[in-house]
Amino acid sequence: MQTSAENVATLELETKAKLGEGSIWNYKSGELYWVDIESKKVNFYNPKTKTNRTISLPSMVGTVVPKSDSLCVVALEDGIYELNMFTSELNQISDVEKDITTNRFNDGKCDPAGRLWVGSMAFKQTKNDANLYMILPNGETVKKLDSVTISNGIVWTKDKKTMYYIDTPTSAIKAFDFDLTTGNISNERIAVEIPETLGYPDGMTIDNEDKLWVGMWNGTGVLRFDPLTGSVLSKIEVPAQNITSCAFGGDDLETLYITTASIGMTKEQEAKYPLAGSVFKAHPGVKGVPCYFFGDD
């Protein structure tokens with residue numbers, strides 16, 4: 001595993017997010033979108049001006065993806081909504097799982113056709129009680145996987161033929177054959193098995209070499225995996241116990257932004273990592289790929 005000065009994250013935005021998550025870089029606006037699930041807030045961070053704008057929402061927010069200059073899409077406890085970033089107005093797109101009051105939505109991203117893939121999880125994290133959905137721009141919602149526990153990172157390869165997905169407690173990254181036209185997934189298999197000594201896989205992004213970058217809960221860093229061999233290629237050390245998500249950003253997509261959580265730590269860990277909950281950055285020497293917007297094709 002490589003270790004070097006480039007593999008140490010530095011502080012970008014000092015804040016005390018309870019459960020920072022869902023980072024995604026809007027390359028059109030030059031902003032990092034991210035959420036604080038427990039505080040029910042979505043954030044828009046501009047690294048050039050060092051300003052972080054926050055919108056408070058009526059319930060926990062699992063993830064955010066861009067849609068247009070004025071709209072983003074957020075996954076709240078009871079469904080998926082368009083959010084006007086200037087008026088804070090919410091417009092529901094899908095009410096899937098509205099009757100499953102023991103669940104909330106968690107992580108999700110858009111596929112190359114602009115469909116949102118988003119998963120749920122039980123508030124009590126009970127095993128196999130949640131699902132993964134594909135949500136079309138017209139609101140049509142298709143269940144893609146069931147018996148999920150904590151739905152997390154999801155990405156697609158450059159050729160748009162493979163999807164990688166994380167259900168955190170499985171300690172694995174799964175791969176699926178992906179049909180861009182239909183959104184069908186098939187040939188489920190384990191691409192990466194992760195020993196618990198490295199932490200638990202949480203949010204994920206992909207670089208332009210089709211390697212996977214995964215925030216490690218209880219793992220003090222972001223790991224880069226080769227999904228074709230299952231091996232760990234490098235680690236970015238982050239001064240926090242629980243690393244939740246990461247996204248390549250900046251003008252050239254060479255900066256990796258990293259979210260963290262301040263909850264879930266022992267007193268000793270809290271003393272060791274006083275910046276937990278902040279947003280960090282690193283320059284790992286590879287570039288990311290532009291994100292997909294909801295409704296794009």
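These numbers come from a predicted model, not from an experiment. By convention here, the first residue in the shown sequence is residue 1.
Remark: of the listed residues Phe280, Trp25, Trp213, Trp25 is the sole one forming a ring-ring contact (aromatic ring centres under 6.0 Å, His included) with Tyr257. Shown are Ile135, Leu180, Val142; of these, the side-chain contact (heavy atoms from CB on, under 4.5 Å) with Arg115 is made only by Leu180. Each of Ile206, Val155, Asp210 was compared with Val289 under the side-chain contact (heavy atoms from CB on, under 4.5 Å) criterion, and only Ile206 meets it.
Between the side chains of Tyr273 and Thr220, no donor N or O sits under 3.5 Å from an acceptor N or O. Using modelled atom types, one finds a donor on one side chain and an acceptor on the other under 3.5 Å when comparing Glu97 with Asn131. Residues Asp179 and Asn184 bring no donor and acceptor atom of their side chains to less than 3.5 Å of each other.
Heavy-atom minimum distance, Ala122 versus Ala130: N-CB, 4.4 Å. For the residue pair Thr259 and Trp34, the shortest heavy atom distance occurs at CG2-CB, 4.1 Å.
Under the 6.0 Å distance and 45° angle rule, Lys161 does not count as a cation-pi partner of Phe176.
The pair Lys272-Glu270 does not count as a salt bridge, with every side-chain nitrogen at least 4.0 angstrom from each carboxylate oxygen.
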Checklist entry - When you look at Asn106 and Asn152, which way does the side chain to side chain donor-acceptor pair (under 3.5 Å) test go after all the steps? => result CA-CA 7 Å; Asn106 203 46; Asn152 258 310; 3.2 Å; yes
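Between the CZ atom of Phe294 and the NZ atom of Lys109 there is a distance of 14.5 Å, given to the nearest 0.5 Å.
Between Tyr164 and Phe178, the distance from one ring center to the other does not fall under 6.0 angstrom.
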